[in-house]
Amino acid sequence: MTEKAEVRHESRWRVGFDIGGTFTDLVLLDDATGGTYRHKTLTTPADPSEGAYNGLVSLLELAGLQARDVTSLIHGTTLAINSLLERKGARTAFVATKGFRDVLVLGREYRYDIYDLDGSPAPPLLPRSQAFELEERVSAAGEVVRPLREEDIVQLARRLREEEYEAVAVLFLHSYAWPAHEQEAARILARELPGVSVSVSHHVSREIREYDRGVLTAMNAFIQPKAKRYMARLDEKLRAGGFAGDWLVMGSHGGLMAPSVAGEFPTRIIESGPAAGVVATADFARKGGHKEVLAFDMGGTTAKACLVRGGEPSITTDYEVGRADRLLKGSGLPVKLPVVDMIEIGAGGGSIARVDALGLLEIGPESASADPGPACYGKGGTEPTVTDANVVLGLLDPGSFLGGRMTLDVEAARTALAKVAEPLGLTVEEAAWGIHEVANNKMAEALRTHAVEKGVNPANLTMLAFGGAGPSHAYSLGKLLGVREVFFPAGAGVYSAFGLLTAPPTSDFVRADRRRLDENIDLAAVQTVFEDGFAEALTVLDATGVDRASVQREYLADVRYVGQGSELTVRVPESFLTDGDSAALVGEFEVAHRRRFGRILPGVPAEVVNWRGRARTEAPTVASPDQTADAGAALAHRTVSIYAGRESGRRDAPLVHRAGFPVGRKIDGPALIQEDECAIYVGPDATAILDEHGNILMEVN
């Protein structure tokens, strides 16, 4: 026992903890061996940091460690996205150049679905009554057309103070290139409004298009006070609990940042937790040599998916939140920042089922979340959910949930499901199967759309399924998509928390600088833009404690044909950076254009709209504890009853704990493979085998 403790103290222990809408997932990793301890606990919605801290304490008790033994913590949070979706943020004033007060309300003025006459986009984050104007104007060339007057700002500040605003978002025209007026406004507002958060657009984003920049700035101001309080509160808890090491936060771009940066720019952590699972999938793809992998993450509140190509997650700068229609681009609020390109589906374990006015079964988007949770949790929930359906179907073992720490109430689940069974004239089992199928078809439709938009056939993809509910639905989802190979990583139920430990510190920047790509391009000016951007990115990275000498630089550009209204982000070739080889950059753009649209436009000149850059360190190397194959070993299991549909009814199936699943041994479905944090359902016409790296491969017929 003493020797084991000594090994632990010599090892490098890191913790990843991801706060979701229903559960908080935690993973403790030994970098020397790749060994892990895992823990899952219910999220505490009133104060998410409370549940996270208690989970950390429980995790360390499980491992026999002290807080001082942990060298670093990595955190993923849903704070930002939940604040935006629920519209629970600070009372925020929007201040714009005179004549642009209505920019948030007017939006882009186009229909996201031209055939839906009643369709409307997501409502603006801030109402018109909270928008104000200041007399100022700078031209796109930097000429001061109308100067900014201090007395106007002081007068506005007095009004904002009287009306008890907690935050201010400032958007001046052309400040992406000429920020002097915004800088002056920020200085005066900070002086006149002590304690009020001030976000100015050129700090949040240096892109053109005032609507996109205005929305992002309003978002940042709206959630900044809550984010700063949360980061400070969590830091206080960690320090008081003896955690002396650094802690970092996962960004939406799949990289890490300091808590101070996350508090100042909470728009950069909108997809903090989900991005971690995609980063882990990229690590899985690189190690296994998988060219195209569909990351499928289904938790208690939502399901998400992302395509990983060549070991790298897809990154987009055209992300949206709060879509009026989840599948239609343009129906939400734009987030013009680098974000892991995921599609979100309103189907999670806690999604509530109901019978609509037409007598049809519907799932979500309402969720039982962590409080009160599904009926089977026994915490007061009475509405039928996807988790309740899975319990009744036998896809979740009531006595094995959370490693036996939480027993599921089957009778409470059946009582809740009767609310949809009786109106539809179904048995409780048939209603449960219907909920399971509707949820799967809803997800399959969204994932098929996502794959087609990326130009791939979903049937040709390998799926990696994780999250608390993902392994319960991956078989049925794979059947609907035609996917033949589905992998379940070790610790699939808390895989996003593991992904936090595979990500490097990263910082992105963007600079608007519209230039034609021809032989006369001013390369020196472009190099100056990149130098300025990387200076900013390195300053942000300094807060994470990285060595600047280890930072890698990635050069990117947003390019379009002259006359187009949107751009494609492409890699900037080395020959352009050194010799101004515009043809090489145009070539990168045309490859991307052909891949996206199936054609190029010969003879039409191209132009750069924005230069982008990414500064990051090498991703940490995570050891994989290999296991010895023992396919002939006895398979310890007990039998459970699984409902597999109206025609099949209930069937006996083995329940195997993953820890007792021999490497190389194949199991024929139907079967249930149990982990402490999730249950893997192997369907009737599928087989499962555990490989030497701890991954379970399910082959679907």
Spacing of CZ belonging to F265 relative to CD belonging to Q224, to within rounding of 0.5 Å: 8.0 Å
Residue pair R548, D542: steps toward the side-chain contact (heavy atoms from CB on, under 4.5 Å) verdict: CA-CA 8 Å; R548 284 197 174 195; D542 286 341; 2.7 Å; yes
Side-chain contact, heavy-atom cut-off 4.5 Å: E344 with E271? yes
Taking all heavy atoms of P45 and all of P48, pick out the closest pair and write down the distance. O-CD, 3.7 Å
Measure from the side-chain N and O atoms of S272 to the backbone N and O of M250, and report whether any donor-acceptor pair falls under 3.5 Å. yes
Mark yes or no for whether T462, through its side chain, and E485, through its backbone, hold a donor-acceptor pair below 3.5 Å. no
Classify the side-chain pair T385/D388 by whether it contains a donor and acceptor separated by less than 3.5 Å. yes
How long is the span from the OG1 atom in T407 to the CG atom in D397, to the nearest 0.5 Å? 9.5 Å
What's the separation between atom OG in S58 and atom OH in Y37, rounded to the nearest 0.5 Å? 15.0 Å
Distance (rounded to the nearest 0.5 Å) between Q674 CD and R658 CZ: 11.5 Å
So which heavy atom on S252 is nearest to which on A275, and how close? O-CB, 3.9 Å
Are M219 and L84 packed together at the side-chain level, in the sense that at least one heavy-atom pair is separated by less than 4.5 angstrom? yes
Donor-acceptor under 3.5 Å (T44 side chain, D47 main chain): yes
In sequence, state the C-alpha distance, the side-chain angles, and the governing distance for I667 and V656, and then conclude on side-chain contact (heavy atoms from CB on, under 4.5 Å). CA-CA 10 Å; I667 296 179; V656 181; 3.9 Å; yes
Quick check: do K379 and L42 have side-chain heavy atoms less than 4.5 Å from each other? yes
To the nearest 0.5 Å, what is the distance between NE2 on H75 and CG on D18? 8.5 Å
Heavy-atom pair of closest approach, residues A439 and I363: N-CG1, 4.1 Å
Could you check whether T41 and T24, counting side-chain N and O atoms only, form a donor-acceptor pair closer than 3.5 Å? no
Taking all non-hydrogen atoms of both residues into account, name the closest pair between L28 and A63 and its distance. CD2-CB, 3.4 Å
S476 side-chain N/O to H473 backbone N/O, donor-acceptor pair under 3.5 Å: no
Before accepting this row, confirm whether a basic side-chain N of the pair D676/K40 lies closer than 4.0 Å to the acidic partner's carboxylate O. no
Is the closest side-chain donor-acceptor distance between T267 and N220 under 3.5 Å? yes
Closest heavy-atom pair and its distance - L672, Y681: CD1-CA, 4.0 Å
For the rings on F498 and F284, is their centre-to-centre separation under 6.0 Å? no
Check whether any side-chain heavy atom of M698 sits under 4.5 Å from a side-chain heavy atom of M463, and report yes or no. no
Flag side-chain contact, heavy atom, 4.5 Å: T281 against P313: no
Name the residue from T71, L60, D235 that meets the side chain to side chain contact (heavy atoms under 4.5 Å, CB included) definition with F243. L60
Between CZ of F17 and CG of L501, what distance do you get to the nearest 0.5 Å? 10.5 Å
For A465 and P471, the nearest pair of non-hydrogen atoms, with its separation, is O-CG, 4.4 Å
Using only atom types and a distance under 3.5 Å, with no angle test, would you say the side chain of H693 pairs donor to acceptor with the backbone of N695? no
Close side-chain approach of E675 and F488, heavy atoms under 4.5 Å: no
When you measure from the side chain of S314 to the backbone N and O of L307, does any donor-acceptor pair fall under 3.5 Å? yes
M231 and V249: CA distance, side-chain angles, deciding distance, side-chain contact (heavy atoms from CB on, under 4.5 Å) verdict: CA-CA 10 Å; M231 296 297 168; V249 182; 4.2 Å; yes
May I ask you to decide if the ring planes of Y377 and F23 are parallel, tilted or perpendicular, using 30° and 60° as cut-offs? perpendicular
Going through the checks in order, is the side-chain contact (heavy atoms from CB on, under 4.5 Å) test met by D297 and Y495? CA-CA 9 Å; D297 176 8; Y495 198 55; over 6 Å; no
Does any part of the side chain of E312, heavy atoms only, come nearer than 4.5 Å to the side chain of R286, both counted from C-beta? yes
Evaluate whether atom NZ of K88 has more than 12 neighbouring non-hydrogen atoms of other residues, nucleotides or ligands under 6.0 angstrom away. no
Whether the D30 and T33 side chains hold a donor-acceptor pair (N or O, under 3.5 Å, no angle test) is what I'd like checked. yes
Surrounding CD of E236 (heavy atoms of other residues, nucleotides or ligands, distance under 6.0 Å), is the total greater than 12? no
Donor-acceptor contact present, side-chain T506 to main-chain P504, <3.5 Å: yes
For a 4.5 angstrom cut-off between non-hydrogen side-chain atoms, does S72 reach L248? no
